[in-house]
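First comes the structure, then the notes that go with it.
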Amino acid sequence: ALEIQQQSLPSNHPDVASSYGNIGNVYRNMGDYSRALSSHEQALNIRQQSLPSNHPDVAKSYNNIGAVYWDMGDYSRALSSYEQALNIRQQSLPSNHPDVASSYNNIGNVYTNMGDYSRALSSYEQALEIQQQSLPSNHPDVASSYGNIGNVYRNMGDYSRALSSHE
């Protein structure tokens with residue numbers, strides 16, 4: 001797909017960026033993080049050239065880069081990328097959009113792994129609040145947020161709140 005797009009589209013076309021993003025996701029799934037980062041950075045570069053700075057696809061690139069850093073255990077870089085994605089999503093999407101909630105969950109995951117449970121809890125609660133406004137109550141993402149909150153409470157030793165959240 002990328003080869004055909006490179007022959008038929010301008011080099012900074014958003015579809016070319018999407019192909020680089022897809023390739024980056026495959027490399028990430030294969031555990032080839034340097035190639036994943038390179039592909040996602042190429043996608044980001046193209047999107048920054050061809051789209052407004054607050055376009056949701058720019059946020060998608062930052063989110064993908066954050067996910068690679070997350071997998072690598074580089075939590076400070078993951079957090080920075082996830083926060084950039086959140087900032088863009090807050091500017092370009094409705095405040096109760098599921099992608100905004102997803103950013104809060106990603107940030108919460110980083111804080112959990114860094115042992116900053118109060119910030120993790122705050123992020124997960126923001127995600128849940130958005131999901132409760134925008135998704136059906138039986139949506140799997142809502143359940144995931146409750147599970148994340150329960151895990152933080154468990155890590156904090158507050159087992160009654162952990163149990164309540166998991167239930």
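Owing to the predicted nature of the structure, the values given are computational and were not obtained by experimental measurement.
- The two residues Ala120 and Gly108 come nearest to each other via the heavy atoms CB-O, 3.5 Å.
- A distance of 9.5 Å separates CG in Asn105 from OG1 in Thr112, rounded to the nearest 0.5 Å.
- A pairwise comparison of heavy atoms in His166 and Gly150 identifies NE2-C, 3.3 Å as the closest pair.
- Sorted by first and then second residue, the pairs that involve residues 23-33 and meet salt bridge (charged side-chain N to carboxylate O under 4.0 Å, His left out), not counting sequence neighbours, are Arg28-Asp71, Asp32-Arg35.
- The CD atom of Gln49 sits 10.0 Å away from atom CG of Leu44, with the distance rounded to the nearest 0.5 Å.
- Here OG of Ser102 is found 4.5 Å from CG of Asn106. Values are rounded to the nearest 0.5 Å.
- By the side chain to side chain donor-acceptor pair (under 3.5 Å) test, Ser134 is found to be paired with no residue, residues two or more places apart in sequence or in another chain being considered.
- Ser81 pairs by the side chain to side chain donor-acceptor pair (under 3.5 Å) definition with nothing, not counting sequence neighbours.
- Counted by atom type alone, Ser103 and Asn63 present zero donor-acceptor pairs between their side chains at under 3.5 Å.
- With sequence neighbours excluded, no residue satisfies side chain to side chain donor-acceptor pair (under 3.5 Å) with Gln84.
- Summarising the geometry, atom NZ belonging to Lys60 is positioned 8.5 Å from atom CZ belonging to Arg89; distances are rounded to the nearest 0.5 Å.
- Asp15 pairs by the salt bridge (charged side-chain N to carboxylate O under 4.0 Å, His left out) definition with nothing, not counting sequence neighbours.
- Every residue two or more places apart in sequence or in another chain that forms a side-chain contact (heavy atoms from CB on, under 4.5 Å) with Glu129 is listed here: Gln133.
- Residues meeting the side chain to side chain donor-acceptor pair (under 3.5 Å) test with Ser53, sequence neighbours left out: none.
- With side-chain heavy atoms closer than 4.5 Å counting as contact, directly or through intermediates, the hydrophobic cluster containing Met30 also holds Leu2, Leu9, Val16, Tyr20, Ile23, Val26, Tyr27, Ile46.
- Pairs of residues two or more places apart, or lying in two chains, that qualify as ring-ring contact (aromatic ring centres under 6.0 Å, His included) and include a residue from residues 46-104 are Trp70-Tyr75.
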